[in-house]
Amino acid sequence: MPDSPVITRFAPSPTGHLHIGGARTALFCWALARRLGGRFLLRIEDTDRARSSESATVGILQDLAWLGVEWDEGPRFDVAPGRTIGGDPRSVGPFYQAQRIEIYDRWIDWLIERDLAYPAFDSGEEIEAARRAAQAAKRTYRYKRAADYDRPAALRRMRDEPHVVRFNMPERPVRVMDDVLGEVSFNVEDTDDLVIRKADGFPTYHFAVVIDDELMGVTHVLRGQEHLNNTPRHVALQGALAHEDGTPFRTPRYAHLPLIFNPDGSKMGKRDKDKAARAACRERGIEAPPVPGIEESVFSAWLDDAKSQLETHALERLAAYLAIDLPEIEVADFRRSGYDPEAVCNYLALLGWNPGLKNPDGTDVERWTKDFLAKHFATDRIGKKNAQFDRTKLLAFNADRLQKDMDDRAFLAAWRDWATEHDPPLATVLAGTRGELMARAARPRTRILREASAPVRFALIADDAVEFDAKAVEKALSKGEPNGMAMLAEIRAVIAGIEPFTPQAIDAAITAWAQQRGVGMGKVAQPLRVAVTGATVSPGLGETLALVGAKGALARIDRCLKVNRA
RNA sequence: GACCCCAUCGUCUAGUCAGGUCCAGGACACCAGGUUUUCAUCCUGGUAACACGGGUUCGAAUCCCGUUGGGGUCGCCA
């Protein structure tokens with residue numbers, strides 16, 4: 001197939017949110033297709049009837065679209081009003097495996113006819129017993145067709161008895177060429193006759209993936225390293241299958257990606273959220289469900305079993321009650337925390353891939369947008385080592401996005417969008433006249449949008465709700481000669497006369513007054529800062545005062561003078 | 001346990017395929033100093049790694065073998 005176009009695919013199973021590791025796989029598949037001038041395809045592997053759900057599918061589509069990892073072929077999805085992605089220009093769909101059962105059945109019949117696959121009638125208990133026996137004998141369990149297998153009888157029985165179909169694994173060692181790992185060999189004796197169709201009639205992952213990749217023309221398969229041991233099965237299946245005209249199934253190029261782990265070395269997963277919440281409960285001695293909607297027995301079982309998981313909504317309510325932030329594991333978590341999708345993609349790509357380029361100043365190139373990936377990504381620079389997810393570094397990347405790649409306007413727009421979804425009252429404020437000022441004050445002090453309101457929190461409360469920090473009062477108002485209280489009383493008049501009440505005018509007026517009065521700025525700024533915010537830390541003085549307005553500033557100064565009178 | 005994969009600063013990594021220019025470079029974090037009205041930013045400097053043991057070679061982070069350590073898989077899940 002020298003001229004076949006490059007097709008990559010991401011094939012998630014819709015059993016939950018899109019995991020950050022899956023997001024990286026999707027990003028790499030997307031980038032490779034772009035780089036090679038190919039097409040990126042999205043396929044939904046929903047053959048597990050019990051665990052797949054429509055809502056999970058929609059969630060995954062949304063998460064990918066949010067990241068900007070857009071598929072050329074696959075389920076249709078509206079990324080913006082009037083802009084739809086996906087579709088089936090080559091007529092290789094449908095892209096939901098549950099809708100492709102007839103296709104799989106056809107190929108399974110084809111295999112059975114040639115005795116390359118066969119029905120098996122073992123019960124779950126029988127299999128389990130055999131597995132346990134093998135384990136007891138310290139042997140690796142593997143299913144092989146019995147020597148006295150009666151094929152004609154089996155073919156008769158399969159018409160009305162529950163059964164699975166197993167692939168007759170050829171007794172040949174399998175060699176797999178991997179673009180990341182190099183050549184990997186597997187012994188015959190380690191591969192067994194895998195099930196290719198379950199008793200419920202749905203194909204197993206191994207079978208569906210081989211059929212679909214071939215029929216959809218997939219040329220490059222990028223997937224997590226946990227699939228490495230599955231590859232010989234897929235290669236064997238490809239070797240057994242051929243089209244009507246005799247053309248054999250192709251083996252795509254494989255690239256197995258290193259895995260992503262937690263900083264503590266454990267596997268990054270949804271359970272980490274439970275772990276965090278459980279630890280917080282233990283620490284506070286909470287033994288009964290503190291929020292409604294969680295049953296007493298469920299809660300105590302959850303508390304005792306480190307492996308158990310609470311339902312997502314229950315977990316979120318619990319976290320809100322405990323006032324803790326659950327660790328971000330899934331793409332939706334990062335979105336909710338207010339990360340920028342480009343920063344997430346940038347950091348994710350760096351986890352296992354490196355362009356190997358230097359900046360003019362000699363530092364390594366490691367900041368980029370997806371356009372860069374589309375231009376430079378290739379499998380030959382994917383690393384082999386599992387990587388630990390470092391939230392602190394991601395935070396630094398995200399902060400740089402806000403600080404260096406956005407201006408106040410762009411920041412305000414992003415902040416408003418975020419708040420509209422996650423903090424409506426804040427969104428209202430940001431949409432008002434103070435929005436610009438809020439953005440200007442918050443942006444330099446923000447790493448993720450969820451934290452953005454912290455530095456301007458004082459401006460979101462009523463003038464008479466300022467809580468004066470005792471240490472701040474002591475340090476900035478009580479000490480010194482003249483002390484801060486005296487200073488405050490003096491400068492009140494200056495504040496009252498500033499017009500217009502803008503950061504620039506305020507700063508200018510205060511600087512001029514301090515100079516004229518012959519005192520350092522610190523002597524003036526800190527008392528004012530405490531009077532207006534209650535603390536010694538805030539954005540620039542001009543911004544701080546402007547945010548509460550002239551009226552607010554004066555009211556706060558007066559109240560400070562009154563409340564903190566010695 | 002069996003099979004497979006991996007191994008450079010705390011973390012992500014460059015350097016490894018084509019051995020010398022590497023007493024190992026960058027980023028994040030950390031520490032110290034500086035700028036600044038506080039904070040954040042910014043600037044300067046610093047601490048910090050080739051897992052271990054054998055080989056091959058004039059020469060090994062780089063090649064080979066072993067050990068140790070870590071990870072993955074062993075489902076009618078994907």
Side-chain angles (χ1 to χ4, degrees), chain A residues 11-15 45-48 50-52 120 122 124 127-128 131 135 138-142 162-166 176 178 180-182 184-187 189-192 194-200 202 204-206 208-209 223-232 256 258-259 261 263 265 267 347 350-359 361-367 380 383-390 392-397 399 403 442-447 455 472 476 507 510-511 514 520-526 528-530 533 535-542 544:
Chain A
S13 164
T15 55
E45 308 217 325
D46 53 354
T47 53
D48 185 339
R51 295 198 300 155
S52 297
D122 316 77
I127 297 284
E128 190 49 41
R131 186 174 292 131
Q135 207 161 44
K138 290 194 190 283
R139 280 182 296 117
T140 303
Y141 172 75
R142 52 192 280 272
H163 64 278
V164 300
V165 175
R166 286 180 182 269
V176 174
D178 187 281
V180 172
L181 268 10
V184 185
S185 332
F186 298 86
N187 308 321
E189 57 270 19
D190 298 320
T191 19
D192 62 356
L194 65 147
V195 173
I196 57 177
R197 185 170 67 199
K198 303 179 256 184
D200 65 4
F202 280 72
T204 58
Y205 159 73
H206 302 294
V209 82
R223 53 172 28 164
Q225 236 170 60
E226 74 265 22
H227 286 295
L228 183 61
N229 291 291
N230 292 151
T231 313
H256 286 93
L259 271 18
F261 287 94
K267 197 170 179 177
Y347 178 73
L350 207 46
L351 233 43
W353 181 77
N354 190 291
L357 301 173
K358 298 283 182 195
N359 290 307
D361 66 359
T363 57
D364 294 353
V365 172
E366 62 171 25
R367 304 297 178 104
D380 59 359
K384 301 178 180 184
K385 204 177 77 167
N386 293 158
Q388 294 184 19
F389 194 91
D390 182 1
T392 315
K393 186 157 181 172
L394 205 211
L395 237 23
F397 274 44
Q403 254 57 257
R443 187 164 75 95
R445 295 161 182 81
T446 298
R447 294 179 304 173
D507 281 330
I510 293 175
T511 308
M521 263 305 272
K523 278 285 194 188
V524 185
Q526 287 307 82
L528 263 172
R529 183 165 270 125
V530 173
T533 72
T536 53
V537 173
S538 87
L541 201 57
T544 299

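The model shown is predicted, which means the values in this text are computed figures rather than measured ones. Letters go in sequence order (proteins before strands), and every chain restarts at 1.
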Let's see if you can work this out: which of B/C3, B/A14, B/C28 has an atom nearest to the side-chain heavy atoms of A/Asn229? B/C3
Remember a base hit wins even if backbone is also touched, and classify A/Thr511 as base, sugar-phosphate or nothing at under 4.0 Å, heavy atoms. nothing
Hey, does A/Thr363 reach any base, or is it just sugar-phosphate, or nothing, if we go heavy atoms under 4.0 Å? sugar-phosphate
Return the nearest nucleotide to the side chain of A/Lys385; candidates are B/A7, B/A78, B/U37. B/A7
Look at A/Thr15 and B/A78 and indicate whether a side-chain polar atom (N or O) is within less than 4.0 Å of OP1 or OP2. no
5'-most contact on RNA chain B (nearest-nucleotide basis), A/Arg131 vs A/Leu351, goes to A/Leu351
Which nucleotide sits closest to the side chain of A/Lys358: B/A78, B/A14, B/C28? B/A14
Taking any heavy-atom pair under 4.0 Å as a contact, classify A/Phe202: base, sugar-phosphate, or nothing. nothing
Looking only at the side chain of A/Lys384 (C-beta and beyond, no hydrogens), which of the listed nucleotides B/C76, B/C6, B/A78 gets closest? B/C6
For A/Ser538, answer base if it contacts any base atom (sugar-phosphate contacts may also be present), sugar-phosphate if it contacts only those atoms, and nothing otherwise; contact means non-hydrogen atoms under 4.0 Å. base
Tell me what A/His206 touches on the nucleic acid: a base, only sugar-phosphate, or nothing, going by heavy atoms under 4.0 Å. base
Is a side-chain N or O of A/Gln526 found less than 3.5 angstrom from the main chain of A/Thr536, in a donor-acceptor match? yes
Answer yes or no: does a side-chain N or O of A/Lys393 lie under 4.0 Å from OP1 or OP2 of B/U13? no
A/Leu228, nearest nucleotide to its side chain (from B/G71, B/C5, B/C12): B/C5
Heavy atoms only, 4.0 Å cut-off, all strands: where does A/Asp122 land among base, sugar-phosphate and nothing? base
